[in-house]
Amino acid sequence: MQVLYFAWLRERIGVGSEDVSPPDTVTTVGGLIDWLKTREDRYAAAFADTKSIRVAIDQEQADFDASIAGAREIALFPPVTGG
Amino acid sequence: MQVLYFAWLRERIGVGSEDVSPPDTVTTVGGLIDWLKTREDRYAAAFADTKSIRVAIDQEQADFDASIAGAREIALFPPVTGG
Amino acid sequence: MAVRVQEADFDPGAELEALTAGDTGIGAVVSFTGLVRGTGITEMTLEHYPGMTEKALAEIEAQAHARWPLQGAIIIHRVGPLAPGARIVFVATASRHRKAAFEAAEYIMDFLKTRAPFWKKEAAIDGTARWVEARDTDDSAAERWK
Amino acid sequence: MAVRVQEADFDPGAELEALTAGDTGIGAVVSFTGLVRGTGITEMTLEHYPGMTEKALAEIEAQAHARWPLQGAIIIHRVGPLAPGARIVFVATASRHRKAAFEAAEYIMDFLKTRAPFWKKEAAIDGTARWVEARDTDDSAAERWK
């Protein structure tokens, strides 16, 4: 699946998007983030404070306990500040 | 003193403004209207429903019991409908 | 004094531009434009009380400035005959944040509707004419700011 | 769909004109324009989530239409680098009466601020850069419509 990062999350992780293949044991957004944190220090640092992370699955807002089964595109980003 | 009429009050009375000299016994806006009503039928008809009449004394909103002593300009009109 | 009463039309875009020109402390601009609704009418005529109108609008604008931190505000109201679709009134407010700009614009409109001496007369397509009656909802809208 | 996300500036006057053109049932038009406040900054850069942004704005606009009797609405949001004083966002709503137009414009702005995937980065005059933090007051502003 495609994972997208925006704003300071993108800057800290160093890429705007990447293809990832988490193991089958990863079933939720929260699980995906925990798995990403184990990959490299920059992920662990970027996701240190999950209270500041928002999620969209296939471009719809979602929660950390939402299922990622069948998702094509999962976006992780800070709280939005447009307008 | 000058008395001004606006909107349908102006149309019913037939003039937009006139100089009037009420007797000394007329001391309030309400008294002025009662006195005007005694002058001619068109005034009695125009002022038949005083709930629909608003007042300004020297261009400031006022009540029926406001004193007209020293007033230069008394305006009588229906509730406003601008905007 | 950013208050104008005029027969001529106005340009909302130019008014918005002028309101914010040169002040980069402004973050939010709210505008209200009132138009002549054309349902069943051929013309709307606006009568007003020259002198008192300008004073009433200036006082409403001053009260908005006293109540919210505004960098600017403008009130324009047309008088005379107006066709369906024509602009009648324009109010715009500028502030650092949107809440103040929105509230001040609504406040100005609520008091303009209930305090400024304007009267509307409609000419209907059947040839009759009638003075528009004041709406109780306008009074209650103004009451909420007390 | 009256939703646009673009780098280019826009013309509020022309947008207002287009929103009301040919519809004489409209009595009230409210607009909100958001500007880059220049206090201490040299530039503001807007990042967004292409695809989701347009969907989120279209959904906010549809919800406003469902909630108020609107004859029209438009949402324009710029992205990319913006100078102090530049326009960022424009929202306009058209209705028969002012209450619906005001409320719908505020509703759209409240949800745009909390739901649309935009992020602001400020370049300060001292050479540093920082991502603007979300404000709790924006969340509570959106909560009031529940």
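Throughout, protein chains are lettered first and strands after them, A, B, ... in sequence-line order, and every chain is numbered starting at 1.
Residue with the most contacts toward chain D among A/Leu4, A/Asp58, A/Thr81: A/Thr81 (heavy-atom pairs, distance under 4.5 Å). Note: D/Ala134 leads D/Ala134, D/Ala56, D/Gly34 in heavy-atom pairs under 4.5 Å with chain A. The residue among A/Arg54, A/Glu73, A/Glu11 with the most heavy atom pairs within less than 4.5 Å of chain D is A/Glu11.
Checked by atom type and distance alone, the side chain of D/Lys120 pairs as donor or acceptor with a backbone atom of A/Gly83 at under 3.5 Å. Judged purely by atom type and a 3.5 angstrom limit, D/Trp119 uses its side chain to pair as donor or acceptor with the backbone of A/Pro78.
Rounding to the nearest 0.5 Å gives a distance of 13.0 Å between NE2 of D/His48 and CZ of A/Phe77. The distance from atom OH of D/Tyr49 to atom CZ of A/Phe6, rounded to the nearest 0.5 Å, is 5.5 Å.
Contacts between D/Lys121 and chain A at a heavy-atom distance below 4.5 Å involve the side chain alone, from C-beta outward. In this structure, chain A has a heavy atom under 4.5 Å from the side chain of D/Glu59, while its backbone stays farther away. Heavy atoms closer than 4.5 Å to chain A are found nowhere in D/Arg130, neither backbone nor side chain. Using a 4.5 Å cut-off between heavy atoms, D/Lys55 touches chain A through its side chain atoms alone.
Closest approach of D/Met52 and A/Ala56 over heavy atoms only: SD-CB, 3.5 Å. The two residues A/Val80 and D/Arg115 have their closest heavy-atom pair at CG2-N, 3.9 Å.
Heavy atoms from other residues, nucleotides or ligands lying under 6.0 Å from CZ of D/Arg144 number more than 12. Around atom CG of D/Asp126, more than 12 heavy atoms belonging to other residues, nucleotides or ligands sit under 6.0 Å away. Shown here is A/Asp41, whose CG atom has no more than 12 heavy atoms of other residues, nucleotides or ligands within 6.0 Å.
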